[in-house]
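Everything on this sheet refers to the single structure shown next.
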Amino acid sequence: MSEFLSSSLARKYAMALSAFFLIFFLLMHVIINLLSIFSEDAFNIASHFMGTNPLIQFAMQPVLIFGVIFHFVMGFILELKNKKAQGVKYFKDNGAANSTWMSRNMLYSGLAILAFIVLHLIDFWIPELKYKYIDVLPEDPNRYFYELQHKFISPVRVAAYVIAFIFLALHLLHGFQSAFQSMGINNKYTKSIKKIAKIYAIIIPLLFSMIALFHYFNQ
Amino acid sequence: MNLTLKIWRQKGPNDKGQMVDYKVTDISEHMSFLEMIDVLNEQLVEKDKEPVAFDHDCREGICGMCSMYINGEAHGPDRGITTCQLHMRSFKNGDTITIEPFRAASFPVIKDLVVDRMAFERIQQAGGFISVNTSGNTQDANAIPISKHAADQAMDAATCIGCGACVATCKNSSAMLFVAAKVSQYALLPQGQVEATDRVLNMVKQMDDEGFGNCTNTAACEVECPKGISLENIARMNREFLKASL
């Protein structure tokens, strides 16, 4: 078992499985955020449920945090191992001739997403922890929509979010379909999988961007 | 045509090495790329200079020996060919062509454009075979039914000549396409089933021990492979490895 866990293929499976988990999380996240466009009350109810349900708070949230950290740490480990395997660099290397920019720059799109996650946690998660566990303020089921809207007053923050979502799209454009290949799925359905993955990679970041822009223009 | 060549020169494994410029004249567009290097080497010998060391053998795209990284691509700009099948008609008069050895920590340079690809041999020895009974009781291969589709896929995988273009072109120096081709050609046939578990475990372990990088599915290897080995083989190896490990 230890040989399996230390093998290069086990690292691929781990990256792919954590990617699938994060892709599912993004879908859930965007669905809840979309509610804020259509109904203030619906968004508040969903957010209040997510923020107070013990199963989500004390089981799903730690799993999510672990999933995010695991995906990033494993990605960096892979990158370091790959750098070591490269040896001397080419004088001239025409990577664009045989692979996409997205596939060659997962590290950089990943770093941009990591920077965004830090900003996102500072914006929403840390104030939430402060509200609940430091200030111990009384629970207000109607505060969530206002807090969300308030964050998108600043055009700089909105721009930072939209740029981050572009990097998310670039990361997903390669990462989603690549996870299937890593899990050994390459068959007659692969063309369809690639199309669905491409649609997901564009639509989800686009929806996130729309939500940020909607609240900026509807203050 | 007249060309400027930028060629990697390295006296030995411990030499630092550098790119050196050469001018070659009167090159015919009908020449193969290796013949053009032959012309350069003749010119160098006439000037009492050290010729450029490079690997070559069959010169017809079968042996997998020629291994040059030309203008930033393994085996040059054309597709589905080895360096020996690349012709000078792919270039224009006055072009500057960069020529480097296949790069990877697991493919150390021996001299100039010659690299040590014995790592591939060791991976092959770890499991890229079937143990055949040669006592005279061997079953006639034609008596074992194999579907046309499986036979074709196995044959496609078996066309890998082990040139190392997949490693050279991969930004991670991953050998997954080579190992996957060797695993697949047996995994698809009934003769390969007996040793299937040991084969994939041992070959992947040897691949990791040799220090090759991790595949990130850029698919550059598939594009540059002179034999068109498909990424489907990597997916098959991933399945085989998972099956063997569980």
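Sequence lines set the chain letters: A, B, ... in the order given, protein chains first and strands last, and positions in each chain run from 1. Computed from a prediction, not measured in an experiment: that's the story for all the values here.
If you measure heavy-atom distances from A:R11 to chain B, the contacts under 4.5 Å come from the side chain alone. Heavy-atom distances place both the backbone and the side chain of A:S182 under 4.5 Å from chain B. Of the two parts of B:P101, only the backbone, made up of N, CA, C and O, holds a non-hydrogen atom closer than 4.5 Å to a non-hydrogen atom of chain A. Proximity to chain A involves both the backbone and the side chain of B:E232, based on heavy atoms less than 4.5 angstrom apart. No part of A:F180 comes within reach of chain B, as not one of its non-hydrogen atoms sits under 4.5 angstrom from that chain. With a 4.5 Å cut-off on non-hydrogen atoms, B:A244 does not touch chain A at all. For B:A219, the part sitting under 4.5 Å from any heavy atom of chain A is the backbone (N, CA, C, O) and nothing else. In this structure, no portion of A:K83 lies under 4.5 Å from any heavy atom of chain B. Interface remark: B:T98 contributes side-chain atoms only to the contact with chain A (heavy atom separation under 4.5 Å). Within the 4.5 angstrom heavy-atom criterion, atoms from both the backbone and the side chain of B:F241 approach chain A. Of the two parts of B:C221, neither the backbone nor the side chain holds a non-hydrogen atom closer than 4.5 Å to a non-hydrogen atom of chain A. Heavy atoms closer than 4.5 Å to chain A are found in both the backbone and the side chain of B:N214.
No more than 12 heavy atoms of other residues, nucleotides or ligands lie within 6.0 Å of NZ in A:K81, so this atom counts as exposed by the packing criterion. For A:F124, the CZ atom counts as densely surrounded, since its 6.0 Å shell holds more than 12 non-hydrogen atoms of other residues, nucleotides or ligands. By the 6.0 Å contact criterion, CZ on A:F167 is open, its count of non-hydrogen atoms from other residues, nucleotides or ligands being 12 or less. The neighbour count for A:M183 CE, taken as heavy atoms of other residues, nucleotides or ligands under 6.0 Å away, is above 12. Enclosure of atom CE in B:M1 by more than 12 non-hydrogen atoms of other residues, nucleotides or ligands within 6.0 angstrom is indicated. Residue-environment remark: CE (A:M28) exceeds the threshold of 12 foreign heavy atoms within 6.0 Å. For A:F76, the CZ atom is densely surrounded, since the number of other residues' heavy atoms within 6.0 Å is greater than 12.
Atom-to-atom distance recorded for A:F4:CZ and B:L242:CG is 5.5 Å, nearest 0.5 angstrom. B:R239 CZ to A:L9 CG: the interatomic distance, rounded to the nearest 0.5 Å, is 12.5 Å. Between B:N172 atom CG and A:E79 atom CD the span is 7.0 Å, to the nearest 0.5 Å. With rounding to the nearest 0.5 Å, the separation of CD in B:E100 from CG in A:D93 is 8.0 Å. The CH2 atom of A:W101 lies 14.5 Å from the OG1 atom of B:T218; values are rounded to the nearest 0.5 Å. If you take NZ on A:K84 and OG on B:S106, they are separated by 10.0 Å, rounding to the nearest 0.5 Å.
Taking each heavy atom of A:S99 and B:A220 in turn, the nearest pair found is CB-CB, 4.2 Å. Looking at every heavy atom in both residues, A:N94 comes nearest to B:E73 through ND2-OE2, 3.6 Å. Between A:Y90 and B:R103 the shortest heavy-atom distance is OH-N, 2.8 Å.
In terms of heavy-atom pairs under 4.5 angstrom with chain A, the leader among B:G211, B:C215, B:G17 is B:C215. Of the listed residues B:A104, B:S174, B:P108, the one with more heavy-atom pairs under 4.5 angstrom with chain A than any other is B:A104. Note: B:N71 leads B:N71, B:V109, B:L201 in heavy-atom pairs under 4.5 Å with chain A. Interface remark: of the candidates B:N217, B:V223, B:V204, B:L246, B:N217 forms the most heavy-atom pairs closer than 4.5 Å to chain A. Put simply, of B:T169, B:I234, B:L231, the one with the most heavy-atom pairs under 4.5 Å next to chain A is B:L231.
In this model, no donor atom of one side chain and acceptor atom of the other lie less than 3.5 Å apart for B:N238 and A:Y13. Side-chain atoms of B:D208 and A:S8 include a donor-acceptor pair closer than 3.5 Å.
No donor-acceptor pair closer than 3.5 Å links the side chain of B:E224 to the backbone N or O of A:N98.
Contact check for A:K92 versus B:K6: no side-chain heavy atoms found under the 4.5 Å cut-off.
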